[in-house]
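Here is the structure we will look at, set down as structure tokens.
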Amino acid sequence: MAHRPGTVDSPRGVANVFDPLWSALEPVGRDPRTGGYRRFAWTREDHTLREWFAAEAAARGLDLVEDRVGNQWAWWGDPDAAAERGLGGVVTGSHLDSVPDGGAFDGPLGVVSALVAIDLLRAAAAREGWQPARPIGVVNFADEEGARFGVACAGSRLITGALAASKALALTDADGTSLAEALRRAGRDPHALGPDPQALRRVGCFVELHVEQGRALADLDHPVAVGTGIWPHGRWRLDFPGEANHAGTTRLADRHDAMLGYAAAVLTARAAAERHGCLATIGKVAVQPGGVNAIPSGVTGWLDARGADEAAVRATVDQVRDEALRAGATVTEESWTPTTAFDADLARRLRGTLGAAGPKGRPDGIPVLGTGAGHDAGILANAGVSAAMLFVRNPTGVSHSPREWAEPDDCRAGVRALAAVLRDLAGEGA
Ligand code: GLV
Ligand code: MN
Ligand code: MN
């Protein structure tokens, strides 16, 4: 399904390349009833997306390297030689997987924009004799959303060591399939999983372009903003015990109903989030045995908690944990990402580049945003990689939903901004 790259040096410019790439991805994993996407790690859909990425890299003559975890890196230039010189490459990209019934933009916008930005730079190289002094890489991170196995940004957490391979391999999906088994079925060696310092050494800096996931840019006269940081956030699994019995013959006094403790925890999450000024969501639940006429013998809920302040997020989670423990539940922290500050110098430089290309010719006025959404850029930043983000305006302000959107003009502005940033960071070569 690879499309031969069109030429960006045409009257339709960026759209000439962007649109066919976007159209090729559109049908993959799309639920025709809702228009949302189900692209989960190590499934058939994921395989199709990975093949697409590999083919688009090949069509551009980029060298495709997979790290120990299965993240795909497509290189223009030799990143190992650059790493030897202590520089590393300039990397962009994002992810292609989705949440259940997710939008088209979260992830793919960053990957498609990266490929088109490469085409723009290649065109500039041919036209102006410009050559990058540093290699440029495009990455497709594996399992960013954690929709199947529960841990978000699994690909970047694993290569940086933020997630232990032993813990990751034991994670299971809704059908009880472990990540180890899913990898085997996808033709991969689960024993390969683990930190990959060599892959990381190749990354001199990382700039992830992403659709904005709230309304921060919706009413501003700017299609692109610079991301400066990510709120602390985490996921907790709550397992409530109960005893299955007949819904019609078991007296209320004799029941041990797992749903009651779960329901109390959901209400506590909302109240605690309000009290501490945070966000708390229980958006996924599994009920055993799952019969309308059977008392639940077990309920598992997953809590997602985030906020501007780490202590407030912890206080929110503690309150939910106490409520769950009172109902006999076990509470397991599945992931935690502390407050993430992107590289301030890099963010300033991105602002400078965007500003220089803007009407004022200056960085002031280019919006800067922090975000409550998690990203691989945050995981890399916390591992010591110089990282920052670009956000493309989302007029609906909605994300993780089919209503997620970015106007075509804004997508093209994002590509041009990314190309300018890559060109600046990769510098002038002989
Ligand atoms: C990823 O999109 C997250 O913020 O959960
Ligand atoms: Mn997402
Ligand atoms: Mn994303």
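Whatever order the structure lists ligands and atoms in, that order sets their numbers, starting from 1. Computed from a predicted structure; not experimentally measured.
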Original post:
Between the side chains of Gln319 and Thr268, is a donor N or O closer than 3.5 angstrom to an acceptor N or O?
Top reply: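 Judged by distance alone, the side chains do not pair up.
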**OP:** Report yes or no: do His95 and Asn140 form a side-chain donor-acceptor pair below 3.5 Å?
**Re:**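 On atom types as modelled, these side chains do not qualify, holding no pair under 3.5 Å.
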Original post:
Who gets closest to atom 5 (O) of ligand 1 by heavy atom: His400, Glu145, Arg306?
Top reply: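 Residue with the shortest heavy-atom distance to the ligand atom: Arg306.
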Original post:
In the shown structure, where waters are left out, how many protein N, O or S atoms lie under 2.8 Å from the Mn ion (ligand 3)?
Top reply: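 Step by step: take the Mn ion (ligand 3), keep protein N, O, S below 2.8 Å, and you get 3.
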Subject >> salt bridge (Lys or Arg N to Asp or Glu O under 4.0 Å) partner of Arg202, the single match among Asp80, Asp67, Asp63 >> reply: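 When salt bridge (Lys or Arg N to Asp or Glu O under 4.0 Å) is applied between Arg202 and each of Asp80, Asp67, Asp63, only Asp80 qualifies.
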**OP:** Using the test salt bridge (charged side-chain N to carboxylate O under 4.0 Å, His left out), find all partners of Arg30 that sit at least two apart in sequence or belong to another chain.
**Re:**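 Partners of Arg30 by the salt bridge (charged side-chain N to carboxylate O under 4.0 Å, His left out) criterion come out as none, since no residue qualifies.
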Original post:
Any idea which atoms of ligand 1 are less than 4.0 Å away from a heavy-atom of Gly374?
Top reply: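 This gives 1 (C), 2 (O), 3 (C), 4 (O) as the contact atoms.
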Subject >> Proximal ligand 1 atoms for Ala373, defined as those under 4.0 Å from one of its heavy atoms >> reply: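 Taking each heavy atom of Ala373 in turn, ligand 1 has 4 (O) under 4.0 Å.
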Might you point out which heavy atoms bring [X] and [Y] nearest each other, and give the distance in Å?
| X | Y | result |
| --- | --- | --- |
| Glu45 | Arg39 | CB-CA, 4.4 Å |
| Gly374 | Ile230 | CA-CG2, 4.3 Å |
| Tyr37 | Ser98 | O-OG, 3.1 Å |

